[in-house]
Amino acid sequence: MIVPHTTPAPASPHTVRKAVVPAAGLGTRFLPATKATPKEMLPVVDKPAIQYVVEEAAAAGLDDVLMITGRHKRAIEDHFDNAFELEQALAAKGDTVRLDAVRDPARLADIHHIRQGDPLGLGHAVLCARHHVGDQPFAVLLGDDLIDPRESLLSRMLEVRDRREGSVIALMEVPPEQIHLYGCAAVEPTGEDGVVRVTGLVEKPSREDAPSHYAVIGRYVLDPAVFGVLERTPPGRGGEIQLTDALQELAAGGAVHGVVFDGLRYDTGDKADYLRTVVRLACERPDLGPEFTAWLKEFAAGLTDGGAERKRLAA
């Protein structure tokens with residue numbers, strides 16, 4: 001069961017200690033909500049989406065998190081900082097539950113922030129982390145992809161990196177009609193269950209040109225060699241520096257593996273999927289689930305092909 005406002009216990013130590021969270025996008029699919037509010041700060045029940053991502057990194061033992069932000073993203077920095085006045089007010093009231101909830105984000109990891117400056121794509125955002133990461137392997141977690149806290153995808157990827165070195169990407173099999181929405185991997189078996197060797201990558205191919213049904217989802221464990229490749233990678237699809245293009249070069253040298261994921265993943269970058277994510281996580285919350293599920297059943301019973309009936313339900 002998903003329990004709100006808990007700080008995950010660190011996993012076993014790995015050679016990877018740092019995580020990079022790109023969060024400089026404009027969030028145009030959620031306008032006008034994201035005109036003044038970072039899309040990463042949109043609430044998923046009562047926590048911003050980006051907090052789930054940092055909790056996932058911390059649960060996998062990554063205690064150093066660098067956020068790549070941009071203009072108008074100050075709210076992200078504030079969320080992962082201490083809020084002295086608010087904490088004092090809650091402490092004075094004896095409201096320890098909300099006090100812990102307010103303090104939790106700042107206690108998850110050692111969190112740093114830098115600005116991307118120009119929105120030149122995911123590859124460029126990752127390149128901005130070069131001085132912070134140095135010559136160490138590191139994880140990249142995209143804020144649009146939420147992995148259910150009960151899954152162990154990132155820990156599995158770190159373990160594969162420890163054994164096989166190189167870079168490791170997360171793959172998920174998707175229907176052929178959806179492959180054009182993702183980077184797509186050409187793969188070959190390794191003999192290990194759930195682990196494949198990536199031989200090629202294509203950014204958002206057509207259904208006819210896709211080398212497989214394996215889509216790249218927003219979790220990566222990258223070798224520092226990726227920085228040198230990104231430096232010489234020209235703008236690709238959409239005029240942006242694509243991380244997929246850099247990984248394609250590394251894959252050609254046999255240095256990229258994939259972990260095939262078939263667990264629970266939530267896409268908060270799409271409006272419909274965002275709503276489904278909120279509903280699902282709310283239903284699974286022990287404090288909200290019973291009441292919310294009962295209301296949801298009553299609401300769903302009143303749905304027709306043309307939408308919801310105009311009848312009043314208790315708020």
Query - Check: Gly61 main-chain N/O paired with Arg17 side-chain donor or acceptor under 3.5 Å - result: yes
Query raised in the report: Is there side-chain contact between His257 and Glu192, with at least one heavy-atom pair below 4.5 Å?
Result: no
Requested in this report: Would you name the heavy atoms of Phe80 and Pro105 that are closest together and state the gap between them?
Outcome: CD2-O, 3.4 Å
Requested in this report: Enter the distance from Thr199:OG1 to Gln248:CD here, rounded to the nearest 0.5 Å.
Outcome: 8.0 Å
Report task. Pick out which of Thr277, Asp148, Asp144 makes a side chain to side chain donor-acceptor pair (under 3.5 Å) with Tyr266. Result -> Asp148
**Report entry** Within-4.5 Å side-chain heavy-atom neighbours: His213 and Pro175
**Finding:** no
Query raised in the report: If you take all heavy atoms of Ala49 and Gly143, which pair is closest and at what distance?
Result: CB-O, 4.5 Å
Query raised in the report: Under 3.5 Å, is there a donor-acceptor pair between the side chain of Asp267 and the main chain of Gly269?
Result: yes
Query raised in the report: Could you state the interatomic distance from CD1 (Ile76) to CG (Asp81), rounded to the nearest 0.5 Å?
Result: 13.5 Å
Requested in this report: Taking the side chain as every heavy atom from C-beta outward, state whether Tyr214 and Val198 have any atom pair closer than 4.5 Å.
Outcome: no
Query raised in the report: Less than 4.5 Å apart, any side-chain heavy atom of Val133 and any of Pro224?
Result: no
Query - CA sep, side-chain torsions, deciding dist, call: Arg107, Asp104, salt bridge (charged side-chain N to carboxylate O under 4.0 Å, His left out) - result: CA-CA 5 Å; Arg107 299 188 296 203; Asp104 276 349; 2.7 Å; yes
Requested in this report: Report yes if the side chains of Leu122 and Leu142 come closer than 4.5 Å at any heavy-atom pair, otherwise no.
Outcome: yes
**Report entry** Flag, side chain of Glu87 to backbone of Ala83, donor-acceptor distance under 3.5 Å
**Finding:** yes
Report summary line: Residues Val16 and Phe138: closest non-hydrogen pair is CG1-CA, 3.7 Å
**Report entry** Audit row: His79, Glu40, side chain to side chain contact (heavy atoms under 4.5 Å, CB included) steps and yes/no
**Finding:** CA-CA 11 Å; His79 181 73; Glu40 297 84 4; over 6 Å; no
Query raised in the report: Quick one: CG on Leu120 to CD1 on Ile241, what's the gap to the nearest 0.5 Å?
Result: 6.0 Å
Report task. Evaluate side chain to side chain contact (heavy atoms under 4.5 Å, CB included) for Tyr274 paired with Val44, printing each intermediate quantity in order. Result -> CA-CA 8 Å; Tyr274 170 80; Val44 178; 4.1 Å; yes
Query raised in the report: How long is the gap from OG1 on Thr34 to NZ on Lys39, to the nearest 0.5 Å?
Result: 8.5 Å
Query raised in the report: side chain to side chain donor-acceptor pair (under 3.5 Å): which pairs involve residues 166-190, sequence neighbours left out?
Result: Glu188-Arg197
**Report entry** Flag, side chain of Arg115 to backbone of Ile68, donor-acceptor distance under 3.5 Å
**Finding:** no
Query raised in the report: Are the side chain of Arg285 and the backbone N or O of Leu281 linked by a donor-acceptor pair below 3.5 Å?
Result: no
Query raised in the report: Tyr52, Ile50: one ILVMFWY side-chain cluster at the under-4.5 Å cut-off?
Result: yes
Query - Same apolar cluster: Val65 and Leu153, side chain cutoff 4.5 Å - result: yes
Query raised in the report: Going by an N to O cut-off under 4.0 Å, is there a salt bridge joining Lys73 and Glu77?
Result: no
Query raised in the report: Would a hydrophobic clustering, with Ile, Leu, Val, Met, Phe, Trp and Tyr connected at side-chain separations under 4.5 Å, put Ile169 with Leu181?
Result: no
Query raised in the report: Crowded around Asp110 CG? As in, over 12 foreign heavy atoms under 6.0 Å?
Result: yes
Query - Approximate separation, where rounding is to 0.5 Å, of His132 NE2 and Met67 CE - result: 11.5 Å
Query raised in the report: Quick check: does any side chain N or O of Asp270 sit under 3.5 Å from a backbone N or O of Ala272, one acting as donor and the other as acceptor?
Result: yes
Query - Side-chain heavy-atom pair Tyr220, Val126 within 4.5 angstrom cut-off - result: no
Query raised in the report: Is there side-chain contact between Leu171 and Val216, with heavy atoms separated by less than 4.5 Å?
Result: yes
Query raised in the report: Is there side-chain contact between Trp295 and Glu291, with heavy atoms separated by less than 4.5 Å?
Result: no
**Report entry** Same cluster (ILVMFWY, side-chain, under 4.5 Å), Val260 and Val187
**Finding:** yes
Query raised in the report: Thinking salt bridges, do Arg265 and Glu56 make one under a 4.0 Å N-O criterion?
Result: no
Report summary line: When rounded to the nearest 0.5 Å, the distance separating CG of Leu146 from CZ of Arg280 is 12.5 Å
Query - From CA spacing to verdict: side chain to side chain contact (heavy atoms under 4.5 Å, CB included), Leu127, Glu231 - result: CA-CA 7 Å; Leu127 189 55; Glu231 277 192 325; 4.0 Å; yes
Query - Salt bridge Arg219-Glu151, side-chain N to carboxylate O under 4.0 Å - result: no
Requested in this report: Write down the atom of Val256, the atom of Leu247, and the distance for their closest heavy-atom approach.
Outcome: CG2-O, 3.9 Å
Query raised in the report: Can you name the closest pair of heavy atoms from Ala129 and Leu66 and give their distance?
Result: CB-CD2, 3.6 Å
Query - Arg276: salt bridge (charged side-chain N to carboxylate O under 4.0 Å, His left out) partners, not counting sequence neighbours - result: Asp273
Query - Smallest separation among heavy atoms of Val45 and Val278, with atom names - result: CG2-O, 3.8 Å
Report task. List the steps and the verdict of side chain to side chain contact (heavy atoms under 4.5 Å, CB included) for Leu222 and Leu243. Result -> CA-CA 11 Å; Leu222 300 179; Leu243 179 60; 4.2 Å; yes
Requested in this report: Following the transitive rule for hydrophobic clusters with a side-chain heavy-atom cut-off under 4.5 Å over Ile, Leu, Val, Met, Phe, Trp and Tyr, establish whether Ile217 and Leu201 coincide in one cluster.
Outcome: no
